[in-house]
Visitor: 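Quick one: this structure, given as structure tokens, is what I'll be asking you about.
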Amino acid sequence: MAHTFEELAQMQRTADEAHAKVQQLQDEYGRPTEVEWTDEQITTWHAAWQAWLDAARDVQAAVTEHAAEQGAARNQVEADVKKAARHPEPETAG
């Protein structure tokens, strides 16, 4: 399935948000090697980690496909997608 550049940027934002959730949970729960997590915490963290893993995998596959379709360097497409997702251009009134 072909994706537009904006769809790729949105997919990257979703992966970034999922990663932030994993980090937030780790900060909240403490390091599992230092603090024993409850079963509920383990389940919650694992679900967040899996969501991040899935989102990251999906965006990587879509970037690869998009680069191939456009005849562009994959690493440049990935860099452009991350830049657009993390540092969007301000919208101008027109």
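Remember, predicted model here, so these are calculated numbers, not experimental data.
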Visitor: Is any side-chain heavy atom of Q50 closer than 4.5 Å to one of L53?
Guide: yes
Visitor: Using the ring of each side chain (for Trp, its six-membered ring), is H46 parallel, tilted or perpendicular to W49, with breaks at 30° and 60°?
Guide: tilted
Visitor: Determine the minimum heavy-atom distance between A55 and A15, stating which atoms define it.
Guide: CB-CA, 3.7 Å
Visitor: Under 3.5 Å, which donor-acceptor pairs link side chains of residues 22-31 to any protein atom two or more places apart or in another chain?
Guide:
unit_1, atom_1, unit_2, atom_2, d
Q24, OE1, K21, NZ, 3.2
Q24, NE2, E28, OE1, 2.7

Visitor: I'd like to know if the side chain of H66 and the backbone of T4 have a donor-acceptor N/O pair within less than 3.5 Å.
Guide: no
Visitor: Judged by atom type as modelled, is there a donor-acceptor pair below 3.5 Å linking the side chain of Q60 to the main-chain atoms of R57?
Guide: no
Visitor: Residues two or more places apart in sequence or in another chain: which of them pass side chain to side chain contact (heavy atoms under 4.5 Å, CB included) with Q10?
Guide: R13, T14
Visitor: Shared ILVMFWY cluster between M11 and V77, side chains joined below 4.5 angstrom?
Guide: yes
Visitor: Determine the minimum heavy-atom distance between A84 and A9, stating which atoms define it.
Guide: CB-CB, 4.2 Å
Visitor: Check whether any side-chain heavy atom of L8 sits under 4.5 Å from a side-chain heavy atom of Q12, and report yes or no.
Guide: no
